[in-house]
Protein chains: 2
Amino acid sequence: MDTADQPTLADVAERAGVSVATASRALTGARPVSDDLQRKVREASKSLGYRRNTVASSLRLQRTETVGLVLPRYTTTFLSALIESVSDGLEHHDMSLVLRYSEPDAVHDRENIESLIGRRVDGIIICPPSLEVSRESIEAAGAIPVVQVGRFVETDRSDSVGLDEDRATSMLVAHLADRGAGRILVVGLDADATADVRRIRALQATGALRGVSVSAAEFTGAVLDGGIRAAERLVSEYASGDDGWSGPDALVCANDDVASGVLAVLRMRGVAVPGTVQVASLLDLAPGREDHSTTTLRHPWPEMGREAVRLLIDAIGRGSDRVARRVSLAPQLVPGSSTRP
Amino acid sequence: MDTADQPTLADVAERAGVSVATASRALTGARPVSDDLQRKVREASKSLGYRRNTVASSLRLQRTETVGLVLPRYTTTFLSALIESVSDGLEHHDMSLVLRYSEPDAVHDRENIESLIGRRVDGIIICPPSLEVSRESIEAAGAIPVVQVGRFVETDRSDSVGLDEDRATSMLVAHLADRGAGRILVVGLDADATADVRRIRALQATGALRGVSVSAAEFTGAVLDGGIRAAERLVSEYASGDDGWSGPDALVCANDDVASGVLAVLRMRGVAVPGTVQVASLLDLAPGREDHSTTTLRHPWPEMGREAVRLLIDAIGRGSDRVARRVSLAPQLVPGSSTRP
DNA sequence: CTTTTGCTTGCAATCGATTACCAAGGAGTC
DNA sequence: GACTCCTTGGTAATCGATTGCAAGCAAAAG
């Protein structure tokens, strides 16, 4: 039984013939210790295979060197890039990552935060599962710094890292306009959802500057099937006889899945892409897969993770006198064969 | 300052007019407390917004309700399914997940384990980054239960969950044989790597039962380019003039990437798939994307995660008197358009 | 030679929750 | 009525590391 337990600092101290205080100081370097004892303690520590008990240390120091990361469960694919970069960033600061998935319901979301607070994490990075639900969860964190990533809930307590939406939309519109597009139709954005409305407005604003008209198709869902349905309607409405096309000359899809559906239908129905219609996507769902069949915007998840960690570490160090900061990062445009070269 | 700190059990006890012992008992239910005091303590707790300090509790109980998950960094795509299912399983037991990525080098791997031990996690789930490196890391865990998942390092200390390789290979060979394949060529497996040799052997063994010959192509790498190179060689060797084909009538690729490369080349060179040659993959790299262009084996990552948690929780409860257990799960065959219907 | 300064080292308190142990009071038994 | 048994509450020790305070000792200053 005795051998199974991890050795404690007291064991090390006894073996080295010093007090626990000295042993602690020798190992942490909190205060100087004579070379002789320093060496003895180190040797004792090594020979016993001593490992500092982080739990006890955390209790005393009121600091756990742990950060909670709360992510929504859906769209897991591209969040793994975020997890990795956050993990890397934290490792760089000798901190650990406690991961938790959230559902878009208030109770579960709140429980996640409560549990992390109970663990006394030093900070929290959260991608709010829903724009309505998370505000009070975030505020419940109280003195614990919170950084939101990917999405925003308005709060004056927390920093946030997100996509530069304006830049994203303008990059895409410019890309299409440069390639001759004059009428853009948006597919897969919901004109009844706040965030989507903002995106549509941004697309229109940029379009106006370039003399491009931008309108939104009726919302049929931001998934593959939605793209298929939307494209079917387009074809039946605008394709006249053979090769005639009186519809928009560019389609901006909410994401790659929608774009895939759209592309499949257009090709099947003989509408030339990118000859007659160009297609692009606002969100790369599968970064890492070098596909290039669709021109798309790659969200800077790794950079967002790094930035979130930077903000959080900074906020932890700074204490409570802080102003909410907001960092926006530009996406990367990945040209594909669905727009002209 | 005082309001910023979390309230402690002592605060609750004072407010309720009882001792901390009673407050603790009322909240944990460790021992019965009279209804009157029970109510008072609960009210005090709620009105103060008390949250048990898990750090202090862990120190006293010698149990952190935390599990470490160590994953290799590469091939992130399909590990996210594992992370999710492990997370779910643990949440079900009110345990937290500490995530850590490993590199295939011994020092880093060891540090990960040491750090988790320092945090006094109750158990560890690990996907060994390399078959050579991780053994002593795992053994360093000592009394802390370890479950390996996805890959195995021989140890008598740890349970493991993995793919039922024999079943996997036989499912695939049977699928091809049922569809008329008589000569199977394996692409993307390395005849110099132990694990791959075992797979090739298993394929051959199953083939023998069905009267199918199985041989392995020279190793050109288990990536897209490797598939391309392998297919180019095949075509130049076996395609005679137009439509003649004297090569194998089925290709088993190490994974979807290899298969994609193979398919691209075969189609470009006019070899009919699945008419002349059928193609299948041993490993679905992007589960969740419903592609169906390639017949593939989907590894049961969610189930593996669940099983790993089950084994670990069991091992934690059981203490040290345990025998290494090994659970093998069958993959799921997902038919695609690269083999005959 | 004495006093002061400076550096090490040890003692004991501390972080917050849990629990072994003790004491008091009530119920039940002979 | 005296005794035991059971329930409930409090006191204080405990988990393991860190650190304020003070003591001890040597070198430097007077």
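Letters A, B, ... are given to chains in the order of the sequence lines, protein chains preceding strands, and every chain is numbered from 1. These values consider heavy atoms only, across backbone and side chains, with no hydrogens, waters or symmetry-generated copies.
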Using a cut-off of under 3.5 Å, enumerate the N/O to N/O pairs linking the protein to nucleotides 12-14 of chain C.
residue : atom : partner : partner atom : Å
C:dT14  : O2   : A:R60   : NH1          : 2.9

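Remark on the helix from C:dC1-D:dG30 to C:dC30-D:dG1: inter-end axis angle 50°, axes from five-pair C1' superpositions, rounded to 10°.
For A:E165, the CD atom counts as densely surrounded, since its 6.0 Å shell holds more than 12 non-hydrogen atoms of other residues, nucleotides or ligands.
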Side chains of residues 89-98 of chain A: which donor-acceptor pairs under 3.5 Å do they make with residues two or more places apart or in other chains?
residue : atom : partner : partner atom : Å
A:E91   : OE2  : B:H108  : NE2          : 2.7
A:S96   : OG   : B:R100  : NH2          : 2.4
A:S96   : OG   : B:R119  : NH1          : 2.7

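Taking every heavy atom of residues 111-119 of chain B and every atom of DNA chain C, no pair lies under 4.0 Å. Contacts between residues 27-38 of chain A and DNA chain C, defined by a heavy-atom separation below 4.0 Å, involve A:R31, A:P32, A:V33, A:S34, A:L37, listed by number. A heavy atom lying under 4.0 Å from DNA chain C marks none of the residues of residues 47-58 of chain A.
When the side-chain contact (heavy atoms from CB on, under 4.5 Å) test is applied to B:A16, the partners found at least two apart in sequence or on another chain are B:V18, B:K40, B:V41, B:A44. Here A:D88 pairs with B:R73 under the salt bridge (charged side-chain N to carboxylate O under 4.0 Å, His left out) rule; sequence neighbours left out. In this view, B:R110 and B:E114, B:E136, B:S137, B:A140 satisfy the side-chain contact (heavy atoms from CB on, under 4.5 Å) rule, not counting sequence neighbours. With sequence neighbours left out, A:E154 forms a side-chain contact (heavy atoms from CB on, under 4.5 Å) with A:R326.
The nearest pair of heavy atoms linking B:V55 to A:R120 is CG2-CB, 4.2 Å. When all heavy atoms are compared, the tightest approach of A:V327 to A:L329 is CG1-CD2, 3.9 Å.
The distance from the CG atom of B:L69 to the CG atom of B:L116 is 9.5 Å, given to the nearest 0.5 Å.
Mapping heavy-atom proximity under 4.0 Å, the span of DNA chain D touched by chain A runs 5' to 3' from D:dG16 to D:dC21.
Between A:S19 and C:dT9 there is no side-chain polar atom (N or O) within less than 4.0 angstrom of OP1 or OP2.
Between A:E307 and A:R310 a salt bridge is recorded (basic side-chain N to carboxylate O distance below 4.0 Å).
The residue B:L61 sits close only to the backbone: its heavy atoms come under 4.0 Å of sugar-phosphate atoms, none of a base.
Contacts classified as side chain to side chain donor-acceptor pair (under 3.5 Å) and involving residues 23-37 of chain A (residues at least two apart or in different chains) are given here: A:D36-A:R39.
Looking only at distances, a side-chain donor or acceptor of B:T54 sits under 3.5 Å from a matching main-chain atom of A:G118.
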